[in-house]
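The structure appears below as structure tokens.
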Amino acid sequence: MAKVSENDSNLWHKTCFEQVSAPPLDLDTAVDLVIVGGGFTGLSAALHAAEAGASVCLLEAQEIGFGGSGRNVGLANAGLWLPPDDIRAHLGQQAGDRLIALLAGAPAYVYDLIARYDIACEPVRNGTLHCAHSAAGLADLRKRHAQLAATGAPVALLSAGETAKRTGSDAFHGALFDPRAGTIQPLGYVRGVARAAQAAGARIHGNSSVVELSHQNGTWSARTQGGTVRARALIQATNAYHQGLNTQVPAYVPVHYFQYATAPLPDKLRATILPGGEGCWDTALVMSSFRMDAAGRMIIGAMGDLGHAASGIHTAWVRRKLAQLFPVLADQPLQMGWHGRIAMTSDHIPKITRPGPNALAAHGYSGRGIGPGTLFGKGMAEALISGDEGKLPLAAIGGHAERMTGLQQAYFETGATLMHLIKARIGY
Ligand SMILES: Cc1cc2nc3c(=O)[nH]c(=O)nc-3n(C[C@H](O)[C@H](O)[C@H](O)COP(=O)(O)OP(=O)(O)OC[C@H]3O[C@@H](n4cnc5c(N)ncnc54)[C@H](O)[C@@H]3O)c2cc1C
């Protein structure tokens, strides 16, 4: 099985209508705020800072959306991966409640931005379905439902029959429906936010890897091959794709996730599979996801890395999984396959850290970066411009460390590979 290289076979690159011109930095310049990293976090920070009147320069090592922002499933969820009680247990009641309330509004904020800037990113806000793959999965969804409902979230627990009607698959024991959420074309969204940031006055440079960050006499210097940006304030938004800088390296456990897309399905099939257009994922430990795109392609994904020698196991498994969920799709060829790296923290809570004076960094959305990345970028820009850290979604910490990240990564990847291999042996 040939290895899948970075973005060669990424559906989002083939179907993205948004374009953004981001030439490399080729001079020395000075601005109020320099941002490193051109994903949801960095670009949202650039947009909101520029709209607030700050002069902004964003430096991206590759092209806009190269990292997780251009590779993900496109589920614009409300909240974090963790259910509300776990968030409060980690952050305390007050900070937990504040974050839960903020992120409950994250999809609304994202879809408002999309509408305001007319971003071409296939926005569908018909909710998401967290599908129970087993009786134990359904018990977990019941707990999540109770906790979310207690926060006022308009979620509903669906029966197996209703879930079958909505998904077109009878593989599930039930599902948790969240009408606040939806799906987007993630690369279109991140490029659209970049376009909006440019229109607000932000300067955005691609192919401009920051090779050195330093702070002297109240000024940050971000040096690239083509020039240096000096600024009073710095935001680092490099997350799981941090590269080229051996300082301020975000600490996280890398977890790989891959996706495959079919060809556009005929109308007859589209009428029976996800006719309502919800985005879905399941309760399995080695999770999988499925959704449709605007052209009617089925996009199915699961934990695993397509970039190693045993990646054929993942590909073979996803074929069987598709056939198991939707027998009518058993013969549909998988046309495109790509993968990406998720920055997971051990407690599944994102971190805002302080790389130095007048500087903030965010990472570790643990697979929930569309809404949180947008709001964390906004919050960091507002906090640095106003000098009021009360504008941050959660308190900044000096730094964050993770233990044995290599071992934990091996645990996730080996676990996903073994699980997909074992399932092959038992027939799906
Ligand atoms: C396969 C996959 C599926 C996912 N599914 C979902 C989902 O359905 N819903 C959801 O909400 N979230 C999902 N996520 C998580 C989400 O995509 C991420 O949390 C989000 O994209 C993080 O955005 P970011 O801007 O913080 O980082 P990124 O988008 O990773 O951007 C970081 C950028 O920094 C740049 N960079 C790094 N080092 C330097 C340097 N030295 N100089 C300049 N630039 C540099 C990188 O090139 C990169 O472009 C998924 C992630 C993956 C990988």
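Atoms within each ligand, like the ligands themselves, are counted from 1 in listed order.
- Residue-to-ligand polar distances keep H339 apart from ligand 1: every N/O pair is separated by 3.5 Å or more.
- Looking at residues two or more places apart in sequence or on another chain, you find a ring pair (Phe, Tyr, Trp, His ring centres under 6.0 Å) between F172 and F290.
- W220 places a side-chain N or O within 3.5 Å of a backbone atom of P357 that can act as its donor or acceptor partner.
- Of the polar atoms of Q62, none of the N or O atoms is found under 3.5 Å from an N or O of ligand 1, judged by distance alone.
- Among all protein heavy atoms, the one lying closest to atom 34 (O) of ligand 1 is G37 CA, 3.3 Å.
- Contact annotation: for V36 versus ligand 1, heavy atoms closer than 4.0 Å belong to the side chain alone.
- What you find for S366 and T345 is that their closest heavy atoms are OG-N, 3.2 Å.
- Pairing each heavy atom of I114 with each of P123, the nearest pair is CG2-CG, 3.8 Å.
- Geometrically, ligand 1 and V73 share a nitrogen or oxygen pair separated by less than 3.5 Å.
- Ligand-side atoms of ligand 1 in range of R71: 1 (C), range being under 4.0 angstrom from any heavy atom.
- Applying the 4.0 Å criterion to heavy atoms of R341 picks out, from ligand 1, the atoms 53 (C).
- Of all the listed residues (G369, S69, G373), S69 holds the heavy atom that lies closest to atom 23 (O) of ligand 1.
- Note: an N/O pair closer than 3.5 Å links I370 and ligand 1 by distance alone.
- Checked against a 3.5 angstrom limit, the closest N/O atoms of Q259 and ligand 1 fall outside it.
- Closest heavy-atom approach to atom 37 (C) of ligand 1 within the set F40, F66, Y189, Y241: this belongs to Y241.
- Residue contacts with ligand 1, taken as heavy atom pairs separated by less than 4.0 Å, involve H242 solely via the backbone atoms N, CA, C and O.
- Between L392 and L360, the closest side-chain pair of non-hydrogen atoms falls below 4.5 Å.
- In this structure, T29 contributes its side chain and V229 its backbone to no donor-acceptor pair below 3.5 Å.
- Protein heavy atom at the shortest distance from atom 50 (C) of ligand 1 is N72 CB, 3.2 Å.
- By the 4.0 Å N-to-carboxylate-O rule, K143 lies too far from D140 to be salt-bridged with it.
- The residue from G68, A240, A61 that puts a heavy atom closest to atom 28 (P) of ligand 1 is G68.
- In this structure, atom 42 (N) of ligand 1 lies nearest to the protein heavy atom V210 N, 2.9 Å.
- Here's the thing with G65: none of its N/O atoms is less than 3.5 angstrom from an N/O atom of ligand 1.
- Taking any N or O of G244, backbone or side chain, none lies under 3.5 Å from an N or O belonging to ligand 1.
- Here is the list of ligand 1 atoms found below 4.0 Å of a heavy atom in G39: 25 (O), 29 (O), 31 (O).
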Return all side-chain donor-acceptor pairs below 3.5 angstrom for residues 174-183, not counting sequence neighbours, or 'none' if the list is empty.
from	atom 1	to	atom 2	distance (Å)
D178	OD1	R180	N	3.0
D178	OD1	R180	NE	3.0
D178	OD2	R180	NE	3.4
D178	OD2	R180	NH2	2.8

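- Within the listing of ligand 1, atoms 41 (N), 42 (N) sit less than 4.0 angstrom from a heavy atom of S209.
- Looking at atom 35 (C) of ligand 1, its nearest protein heavy atom turns out to be E60 OE1, 3.2 Å.
- Of the residues P24, S209, S208, the one that meets the side-chain contact (heavy atoms from CB on, under 4.5 Å) test with T224 is S208.
- Contact atoms of ligand 1 toward N239: 22 (C), 24 (P), 26 (O), 27 (O) (distance under 4.0 Å to a heavy atom of the residue).
- For the pair R71 and F66, the cation-pi criterion (under 6.0 Å, within 45° of the ring axis) is fulfilled.
- Under 3.5 Å, the side chains of T15 and R297 contain no donor-acceptor pair of N or O atoms.
- Between Y365 and F40, the distance separating the two ring centers is not shorter than 6.0 angstrom.
- Between I273 and L329 the shortest side-chain heavy-atom distance falls below 4.5 Å.
- Counting heavy atoms only, L75 comes closest to atom 9 (N) of ligand 1 of the residues L213, L245, L75, I342.
- Looking only at protein heavy atoms, the nearest one to atom 26 (O) of ligand 1 is T41 OG1, 2.7 Å.
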